Amino acid sequence: MAQSSNTLVVQQASKALQQLKYEVAQELGIQIPQDGYYGFMATRDTGAIGGHITRKLVQIAEQQLSGSSFTGTGFTK
């Protein structure tokens, strides 16, 4: 798996973000390479995964701020 230059504030979030990546890819019908190398994937596909992850994270944050719980990825208030 390639190293990212982004530093996570909460190190435990890495596993949750990886799980979210696989869930989103599955929803979109995109196969993530088993070896973790994304170099052969179409930019359109990786961008779609990233965009949907961002939307889900914003949705989770909005729900937490409004007092609701979101159980789809295990995040609850």
Side-chain angles (χ1 to χ4, degrees):
M1 180 165 58
Q3 290 293 328
S4 173
S5 62
N6 296 334
T7 303
L8 295 175
V9 175
V10 179
Q11 293 302 317
Q12 295 83 355
S14 179
K15 187 174 182 179
L17 288 172
Q18 285 296 322
Q19 181 62 34
L20 186 57
K21 183 188 308 181
Y22 284 101
E23 288 176 13
V24 167
Q26 184 177 15
E27 288 174 13
L28 297 174
I30 299 170
Q31 181 67 35
I32 292 183
Q34 293 298 318
D35 62 3
Y37 178 67
Y38 294 87
F40 296 120
M41 288 185 68
T43 304
R44 173 187 67 243
D45 291 341
T46 57
I49 292 170
H52 279 75
I53 288 172
T54 301
R55 282 189 208 102
K56 284 188 176 245
L57 291 174
V58 168
Q59 180 185 26
I60 291 166
E62 287 175 342
Q63 289 176 344
Q64 286 183 339
L65 289 172
S66 71
S68 300
S69 63
F70 183 80
T71 58
T73 56
F75 293 100
T76 58
K77 180 176 182 199

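Numbers for residues simply follow the sequence, beginning at 1. What you see is a predicted model; the values in this text were computed from it and never measured. Atom set for the values below is all heavy atoms of this structure, side chains included, hydrogens, waters and symmetry mates excluded.
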With rounding to the nearest 0.5 Å, note down the distance linking CG in Leu28 to CD in Gln26.
10.5 Å
Least distance between heavy atoms, Val24 atom then His52 atom:
CG1-CB, 3.4 Å
side-chain hydrogen bond (donor to acceptor under 3.5 Å, both in side chains) partners of Glu27, counting only residues at least two apart
Lys56
Show every donor-acceptor pair shorter than 3.5 Å between a side-chain atom in residues 39-50 and any protein atom, with sequence neighbours excluded, or say none if there are none.
residue	atom	partner	partner atom	Å
Thr46	OG1	Thr43	O	3.1

Nearest-0.5 Å distance that lies between atom CD1 in Ile60 and atom CG in Leu65:
12.0 Å
